[in-house]
2 protein chains.
Amino acid sequence: MRPGTPDEAWREDCAPRRVLELFATKWTSMVLHTLHARHDGVARTGVLLRSLPGISKKMLTQTLRDMEASGLLSRHVESVMPPMVEYRLTPLGQRFVEPVELLYAWGRANPDALDQLIPRPRSRRG
Amino acid sequence: MRPGTPDEAWREDCAPRRVLELFATKWTSMVLHTLHARHDGVARTGVLLRSLPGISKKMLTQTLRDMEASGLLSRHVESVMPPMVEYRLTPLGQRFVEPVELLYAWGRANPDALDQLIPRPRSRRG
DNA sequence: CCGAATCCGTAAAGATACTG
DNA sequence: CAGTATCTTTACGGATTCGG
């Protein structure tokens, strides 16, 4: 392809770009990994909360609701006291665990590359 | 590990989580891929702009400056008229192309999974 | 005590117009 | 051609309140 010609590979609706959208939401991939690797695809809210240091209850709820709306997991409520809510990977969610694990494994295998990265300064001009 | 025990795998400073931070910045991975796959690691601003449909000049500049500060690419200015600025992958940047290509390939191989995803409604409450 | 909703603030993302 | 200034929108996060 000649220089200056638009790059067809990153069209707005192309598959690779839609994958990246999943990772653009901060907690989604970590929820997928946690459900997959630690709890046979099932966990309740409190377990997820403790498995994701730094997340707030509010962000966890919001992330889970968005993932439910996307079809990545299902939500099961037991009307008991105290309340109990379970989240479960759907078959679709189980498929998306694969790219998450690819990144996870790469990070584990390349800590030195990450150590070379200079943390970007916070609060860049908008 | 017993249920409810904090998940050590997602500590805030762990390697996999630092990888995710790269992908959490929307355009970074696409810039890495474009430089790598289409231009032998070198491209000027206008080429990148046309290769990433949907990006604005402001976001491109901001992304490139952040990546430069992180050590992923270098910036070369020719003081001529009209201006000419080239961006080049550093050895560190070339390493991070690898996980980008992993996701890229997965997306190409799994368009059906992406088609099953229900797009999250825009404008979710914070 | 558990899970979630609401109100609030900050910051990153995005669109557009303008400058050298 | 490359970059900046300004403004709007959206994502993120804390604190508080609600409901069982």
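By convention in this document, chain letters (A, B, ...) are assigned in the order of the sequence lines, proteins followed by strands, and residues within each chain are numbered from 1. These numbers come from the heavy atoms of this one structure, side chains and all, not from hydrogens, waters or symmetry mates.
- Counting distance only, with no hydrogens placed and no angle test, the side-chain atoms of B:K58 and the base atoms of C:dG14 include a donor-acceptor pair under 3.5 Å.
- A:T34 and B:W10 share a side-chain donor-acceptor pair at under 3.5 Å.
- The CG-C1' distance, from B:L48 to D:dC1, rounds to 13 Å in whole Å.
- Atom pair B:F23:CZ and D:dA11:C1' shows a separation of 20 Å (rounding to whole Å applied).
- Put simply, CG on B:D66 is 14 Å from P on D:dG3, counting in whole angstrom units.
- For B:R44, taking side-chain heavy atoms from C-beta onward, the closest of the listed nucleotides D:dT4, D:dC12, D:dA2 is D:dA2.
- What separates CG of A:L60 from C1' of C:dA5 is a distance of 14 Å, to the nearest Å.
- Here D:dT4 is the nucleotide among C:dA4, D:dG14, D:dT4 with the atom lying nearest to any side-chain atom of B:T61.
- For A:T25, counting side-chain heavy atoms from C-beta on, the closest listed nucleotide (C:dA4, C:dA15, D:dC12) is D:dC12.
- Between B:T28 and the choices B:L72, B:D66, B:L64, the side chain to side chain contact (heavy atoms under 4.5 Å, CB included) rule is met once, by B:L72.
- The existence of a salt bridge linking B:R88 and B:D40 is excluded, since no basic side-chain nitrogen approaches an acidic carboxylate oxygen closer than 4.0 Å.
- Going from atom CE of B:M59 over to atom C1' of D:dA2 covers 17 Å, rounded to whole Å.
- Residue order along DNA chain D, read from the 5' end via each residue's closest nucleotide, puts B:R75 first among B:R75 and A:W27.
- Checking C:dG3, D:dA2, C:dG14 against every side-chain atom of B:P83, the shortest atom distance belongs to D:dA2.
- Between the B:R75 side chain and the B:Y87 main chain, no donor and acceptor come within less than 3.5 Å of each other.
- Picking from C:dT16, C:dA4, C:dA13 the nucleotide with the shortest atom distance to the side chain of B:S56 gives C:dT16.
- Whole-Å rounding puts the B:H76 NE2 to D:dA2 C1' distance at 16 Å.
- Whole-Å rounding puts the B:E78 CD to D:dG3 P distance at 13 Å.
- Taking side-chain N and O atoms only, A:S79 has no distance below 4.0 Å to OP1 or OP2 of D:dG20.
- Within 4.0 Å (heavy atoms only), A:K57 reaches at least one base atom of the nucleic acid.
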**Q.** Steps toward side-chain contact (heavy atoms from CB on, under 4.5 Å) verdict (A:H33, A:Y104)
**A.** CA-CA 9 Å; A:H33 171 88; A:Y104 190 92; 3.6 Å; yes
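- Across the interface with DNA chain D, nearest-nucleotide mapping of A:I55 and A:P82 shows A:I55 to be the residue nearer the 5′ end.
- In this structure, NZ of B:K26 is placed 11 Å from C1' of D:dT10, rounded to the nearest angstrom.
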